[in-house]
Amino acid sequence: MCGIIGIVSNSPVNQALYDGLTVLQHRGQDAAGIMTCDEDRMYLRKSNGLVRDVFHTRHMLRLQGNMGIGHTRYPTAGCFSSSESQPFYVNSPFGIALAHNGNLTNAAQLKRELFETDQRHINTNSDSEVLLNIFAHELQSVARGKLNVEPNDIFAAVAALHKRCRGAYAVVAMLVSRGIVAFRDPYGIRPVVIGKRVVDGQTEYMVASESVAVDTLGYELVRDVEPGEAVYIDNNGNLHAQQCAENPVRSPCIFEHVYFARPDSMMDGISIYKARLRMGEYLARKILKQYPEHDIDVVLPIPDTSRTSALSLAYHLGIRYSEGFIKNRYIGRTFIMPGQKQRKKSVRQKLNPIGLEFKGKNVLLVDDSIVRGTTSKEIIQMARDSGANKVYFASAAPPVRHPNVYGIDMPAANELIGYNRDEDQIANHIGADWLVYQDLEDLVEAVGKKAKCAIDRFDTSVFNGDYVTGDVTEEYLAGLEQARNDQARSKQEQGSDVEVVELYNSA
């Protein structure tokens, strides 16, 4: 999962890009990058680390120009090398920089095609570099040596890219001294929104992964980029848009609403906050149905993303809601961390219980989801160590039983707590007195009930194994499992490049 942003303005964009990436930091904590354009020169700064650590005053001063793109990353494929941080850049045609959120399911095939047919070299293991070179090749084929690129040329290139690329991709790309392009895959699995504002009588546009970046920078949310659509903002501030896919299907990833997106964001016409409130309401109904004579004393969220659902759940149960854990905000998300031992250690560093909320009580702990179960098991033990009488557990999402192939770095299937286990076995494994999961049908209704635009279907593949793109085979999943297991990841980390990338180059 990554965050992307692009801005075309009438004034320098370096600070706005930085601020936008800061509010998108939750989408990726591994690396960050910004590339700006000042007339015919491109300026790039990218490195491993948080936004605040990657960009210092000396870097910001050199990121000149009124147009730019940015990216926050955590790795879903390849290694943890700083050389795979984004944006990526190619000089032909025109000079193109690109940042990408998602995952190509046919990246290996495309990489072979690029070398054998398109005669382009790929320098990293990142599918984002593959995507950039596909776009560059198709644009070069369409432009046919023209010095000036037209909106229709860009739309034709994106249409050709859709025919070649499979999987999930939300993209922002910048053409030197020309403008910024944003597009989504034909299923709209990963989000992109458009914002605009008027400054001194001139309209300025931006695109970003989530509407919270639009709000923070003082823009007005216009709409989502449609599945399969491409949007081109030229350097004069004009917005051009066209549907570039033959059969687009609105099928956003439902896990964005469960976990990744900030609650103050809007995606595909859906309020993340209100969707999570409904998740808590529906989960409360299920608890009352299964345990009408329950003895829960207090509902406690596992911070931070479960708070909204837990608050609604407590309200509909008629039970007191309280905070039982204090979170150390300087510890990263645990399921992203490599190595089971490191994950287990980080849970105790990340959360500290308030003993008064547990001692002698029957507590219901609420989380947004359970992936490996490592965090849940540790938290339940922390509750017992703090004197809880009974510890119940509720998940606002159904059991995660299948790997994600569209850009969320979930583990191999056999590392998932829900893999080949029923709910009673999972409850026993994590040490809960009882465990309640959200039903998938209720989750779909909770998220899509008040959508302002028609959702054809949600991508719910991590729960039911139904991959919306239709190209995910058992062979592909087996290869993915081999690449994602902890042993392979440990080897990648040991061999990863830690060199800082700092390039300020002329286009």
Side-chain angles (χ1 to χ4, degrees), residues 2 4 6 69 76-77 88 90 93-94 96-114 117-118 120 122 126-144 149-175 179-194 207 209 223-233 239-253 268 405-407 453 455-457 459 461 467-472 476:
C2 302
I4 61 174
I69 63 175
T76 54
F88 286 110
V90 291
F94 310 117
I96 305 173
L98 180 143
H100 161 225
N101 173 31
N103 184 59
L104 298 181
T105 54
N106 65 335
Q109 173 192 338
L110 291 173
K111 190 172 183 178
R112 288 193 299 270
E113 291 178 6
L114 284 166
T117 305
D118 302 345
R120 285 180 171 268
I122 303 300
S126 174
D127 62 335
S128 302
E129 190 186 11
V130 172
L131 192 60
L132 167 60
N133 278 271
I134 293 290
F135 178 60
H137 174 79
E138 298 301 339
L139 185 57
Q140 191 166 35
S141 299
V142 171
R144 297 184 182 276
V149 63
E150 302 293 334
N152 286 339
D153 297 329
I154 293 171
F155 298 145
V158 173
L161 179 147
H162 285 329
K163 293 178 180 178
R164 297 181 66 178
C165 296
R166 299 288 179 268
Y169 47 92
V171 173
V172 60
M174 180 168 60
L175 279 64
I180 283 178
V181 184
F183 56 89
R184 294 172 80 182
D185 67 78
Y187 295 89
I189 298 172
R190 295 284 156 243
V192 185
V193 298
I194 306 168
V207 293
S209 292
R223 63 178 178 86
D224 297 86
V225 175
E226 294 295 315
E229 183 185 29
V231 172
Y232 175 48
I233 308 164
L239 185 143
H240 314 266
Q242 184 171 300
Q243 178 55 251
C244 300
E246 294 179 352
N247 298 296
V249 178
R250 190 184 293 275
S251 183
C253 173
D268 292 296
V405 303
Y406 298 131
C453 46
I455 303 294
D456 296 305
R457 58 179 295 192
D459 169 54
S461 54
Y467 297 96
V468 296
T469 55
D471 62 332
V472 179
Y476 178 85

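This is a predicted model, so every value here is computed, not measured.
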Within a strict 4.5 Å, meaning less than it, do heavy atoms of the [X] and [Y] side chains meet?
{"X": "R166", "Y": "Q109", "result": "no"}
{"X": "V231", "Y": "I194", "result": "yes"}
{"X": "D459", "Y": "C253", "result": "yes"}
{"X": "N152", "Y": "Q242", "result": "yes"}
{"X": "C165", "Y": "D185", "result": "no"}
{"X": "E138", "Y": "K163", "result": "no"}
{"X": "Q243", "Y": "P248", "result": "yes"}
{"X": "L175", "Y": "L139", "result": "yes"}

- request: Go through I69 and I4 one step at a time and tell me if the side-chain contact (heavy atoms from CB on, under 4.5 Å) criterion holds.
  value: CA-CA 7 Å; I69 63 175; I4 61 174; over 6 Å; no
Enter the distance from [X]:[atom1] to [Y]:[atom2] here, rounded to the nearest 0.5 Å.
{"X": "I154", "Y": "F94", "atom1": "CD1", "atom2": "CZ", "value": "8.5 Å"}
{"X": "K111", "Y": "L104", "atom1": "NZ", "atom2": "CG", "value": "12.5 Å"}
{"X": "I134", "Y": "D127", "atom1": "CD1", "atom2": "CG", "value": "11.5 Å"}
{"X": "R184", "Y": "E226", "atom1": "CZ", "atom2": "CD", "value": "7.5 Å"}
{"X": "T469", "Y": "Y406", "atom1": "OG1", "atom2": "OH", "value": "2.5 Å"}

- request: Applying side-chain contact (heavy atoms from CB on, under 4.5 Å), run through I122 and L114 and close with a yes or a no.
  value: CA-CA 8 Å; I122 303 300; L114 284 166; 3.7 Å; yes
task: Just jot down the ring-ring contact (aromatic ring centres under 6.0 Å, His included) partners of F88, sequence neighbours excluded, or say none.
output: none
task: Start with the C-alpha distance between R250 and D224, add both sets of side-chain angles, then the distance that settles salt bridge (Lys or Arg N to Asp or Glu O under 4.0 Å), and finish with yes or no.
output: CA-CA 11 Å; R250 190 184 293 275; D224 297 86; 5.4 Å; no
query: Would you call the rings of F135 and F183 parallel, tilted or perpendicular, where under 30° means parallel and over 60° means perpendicular?
result: tilted
- prompt: Judged by modelled atom types alone, do T105 and Y467 share a side-chain donor-acceptor pair under 3.5 Å?
  reply: no
query: Is a side-chain donor-acceptor pair under 3.5 Å present for R120 with N133?
result: yes
If you compare all heavy atoms of [X] against all heavy atoms of [Y], which two are closest, and at what distance to 0.1 Å?
{"X": "D268", "Y": "P252", "answer": "OD2-CB, 3.4 Å"}
{"X": "C2", "Y": "S209", "answer": "O-OG, 3.9 Å"}
{"X": "Y232", "Y": "G179", "answer": "CE1-CA, 3.9 Å"}
{"X": "C244", "Y": "H162", "answer": "O-CD2, 3.5 Å"}
{"X": "A168", "Y": "H100", "answer": "O-NE2, 3.6 Å"}

Stepwise side-chain contact (heavy atoms from CB on, under 4.5 Å) test for L131 and L110: CA-CA 9 Å; L131 192 60; L110 291 173; over 6 Å; no
- prompt: Quick check: does any side chain N or O of N106 sit under 3.5 Å from a backbone N or O of R164, one acting as donor and the other as acceptor?
  reply: yes
- prompt: Only one of N101, N103, L161 forms a side chain to side chain contact (heavy atoms under 4.5 Å, CB included) with Y169, so which one is it?
  reply: L161
